[in-house]
Each structure stands twice: as C-alpha cells, then as structure tokens.
Amino acid sequence: MTVSAGPVAVAQRLRDGMAGGVLSFPLTGFRDDGTLDPDGYRAYVAERLAAAPGAVFPACGTGEFFSLDEDEYRQVVTITVEEAAGRVPVVAGTGYGWAQAVRFARIAEDAGADALLVLPHYLVAAPQDGLVAQLEQITARTPLPLIAYQRGQVAFTADSLRRIAALPNVIGLKDGHSDLDRLQRLTLAAPEDFLFFNGASTAEIQARAYATVGVPAYSSAVHAFAPEIAGAFFTALRDNDHGTVDKLLRDFYVPLVELRDRVPGYAVSLVKAAARLRGHRVGPVRAPLTDPSPADLATLTALLTAGLDLVGASL
C-alpha cells in the first residue's frame, strides 16, 4: 500500500499534466476467451505511458470498468501504478452505488493510485441532493482525491457544484454532457483551483469550444491507439495552428465520430479494434459490447491509415 499525496498536491500534479499532454484512458486487455490478460495489459499501458500523457486513468469507461470484477480491477490498477512509477498521476475509475464504489476505492488505494474518477452511478436517476450525497458517502470513506464525472443521468447544477467542491477530497469534474452553457455556469461557481476537463466522447471534436469556457484540458480516446494523431492535434490546438486542427478534424476525427455513431458501444469497441490494428495485445471487448462488423472494421482500417498518414506515421 502506498500513501497517497494530499488532494492539493494531487490536483497540482494533474493541473501540470493537463497543461502538457492529453489525458490517457487505457484499454483493458482480454484474451480471446474473455479472461484478463495481465501481461498484454502491462505491455500496452507501458506504450501509452511512453507517449507522454498528462495523466493515466485505468479501469474507467474506455477500460471497461463496468465489466471487471474486483480482482481484475486490482490487477489493472496495480500494473498501471507499477508502470507509471510516479512519472504521471494514476487516477483509477470507481462507480456503481457508493457502497460498491468504496470497495473499489479501497482496492485502488491499496494499489497505490493517486486519485479516483467517480463514474456515473448505476441505473437510476437521482435528485441533486442525492448526487451530492453519493460523493459525500465516498469521500467520507477514502482518503483519495475524487474527480466527479457528469454524464448520462448525472448533471450537477451550480449550487451542487459548490457543495461538492467544498468536500475535502473532491478536486475536479470531468464533463461528458457538452452543454457549454451549463459548463460555463459550473466553472464560474467553482473555486479557482477546481479542476475541469472535457470528457466528451472523441473529445477533440469539441476541444476548441470547451476552451472558450475555460476548459482546455481533455481526455483522448485516440491516444489509446494512435498517440501520434492525438499528440499532433494537442500540439496544433495549443499552438493555435487552426489549419492543422481543421485538417485533422475534417479528415480523421469527424469521419471517426460518424463511424462511432453507427452502433451503440462503438465508443469503446472501435478504439479497441484500432489498437489491435496497431498490433497491441488488447483482445476483444466484453459483452454487452460487441466488436465491429467486418465492414466497419474495413472502414476503420482505411480511416486509421489515412489519419496516420496525415501526421507522417503508418499503420
């Protein structure tokens, strides 16, 4: 068990990381029979870390947190912490109801994670008081800093944001709604040092828009299979190279989103398929997700080849 740094120190490390690179959400590797592949995952996450992300978020949505049992989760977080070796913050996913979220939180703490991303709770809609209470219950039971994730049935009001930001361990918010009016209200309601980042699916599509409301940091699913593309986009956006940004959006990111939107779950399935195309040992997705059809895989192959060519890389 590693003693985590305090929330202020972790928040500063994340802030520094966000300024220098995209946030990486690695895929969890499975064998063809659906069992966890620890060795394959170790090799894969080492390559993600070599591509210099700002932070790494194992066992989150892209990492199929929802399909992992507690032992598998422990292995995934432990391997990530070992491979990161303190170079970048490790923020592990947790979720479901607060009681189960706390079980995962304690595993992540024992594994040496720096912080937790609290994924949207399971199934039911809830009022604002309940959304706040969910985080109150978790933060009362773990010393790890928490980042709330609003997506789906979780959407905080400005008043609720003030309440969760006042909790001792809640350091930030990942936004997956892409409602910039709401997000602007939240950023204005938050303390000055509160972290925000863009967690929309294929976040690069909306990265410029998020930056206009003071949220330039974003997670990148593309980093999971093509860090060359993700890095080129990040650099162009940072340097206000709008020509390169537009070209990458027009010729790669927008077609990728159009393919992603064909089938529910492709936000993960396509990413995993693209990683396999690059030779990474990540295996298939677990049910209820499904791997891409042969026709969609062919489209993905052509798109990935073209995207890599845009940045001088190859499949």
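Just the heavy atoms: all of them, side chains too, but no hydrogens, waters or symmetry mates, feed the values below.
- A donor atom on one side chain and an acceptor atom on the other are found under 3.5 Å apart for Arg260 and Thr202.
- Taking a cutoff of 4.0 Å between a charged side-chain nitrogen and a carboxylate oxygen, Glu72 and Arg286 qualify as a salt bridge.
- The pair Arg278-Glu47 fails the salt-bridge criterion, with no side-chain N (NZ, NE, NH1 or NH2) lying under 4.0 Å from an Asp/Glu carboxylate O.
- Checking Thr157 against Asp159 by side-chain atom types alone, no donor-acceptor pair falls below 3.5 Å.
- Salt-bridge formation is not detected for the pair Arg106/Asp110: no Lys NZ or Arg NE/NH1/NH2 atom is positioned less than 4.0 Å from an Asp or Glu carboxylate oxygen.
- Closest of all the heavy-atom pairs between Val124 and His121 is O-NE2, 2.6 Å.
- Between Asp251 and Lys247, at least one side-chain nitrogen of the basic residue sits less than 4.0 Å from a carboxylate oxygen of the acidic one, meeting the salt-bridge criterion.
- Between Phe197 and Tyr218, the ring centre distance reaches or exceeds 6.0 Å.
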Next item on the list: Applying ring pair (Phe, Tyr, Trp, His ring centres under 6.0 Å), run through Phe233 and Tyr253 and close with a yes or a no.
Entry: CA-CA 10 Å; Phe233 184 93; Tyr253 283 99; 5.2 Å; yes
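- Below 30°, between 30° and 60°, or above 60°: for Phe194 and Phe196 the angle between ring planes is above 60°, a perpendicular geometry.
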Going by atom type alone, with no hydrogens or angles, which donor-acceptor pairs under 3.5 Å involve a side-chain atom of residues 305-315 and a protein atom two or more places apart or on another chain?
| from | atom 1 | to | atom 2 | distance (Å) |
| --- | --- | --- | --- | --- |
| Thr305 | OG1 | Thr301 | O | 2.8 |

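- Salt-bridge check for Asp291 with Arg276: passed, with a basic side-chain N closer than 4.0 Å to an acidic carboxylate O.
- Between Glu82 and Arg42, at least one side-chain N (NZ, or NE/NH1/NH2) sits under 4.0 Å from a carboxylate O, which counts as a salt bridge.
- Residues Phe104 and Tyr73 bring their aromatic ring centres within 6.0 Å.
- Look at Arg262 and Asp296 and you find a salt bridge, because one of the NZ, NE, NH1 or NH2 atoms lies within 4.0 Å of a carboxylate O, short of that distance.
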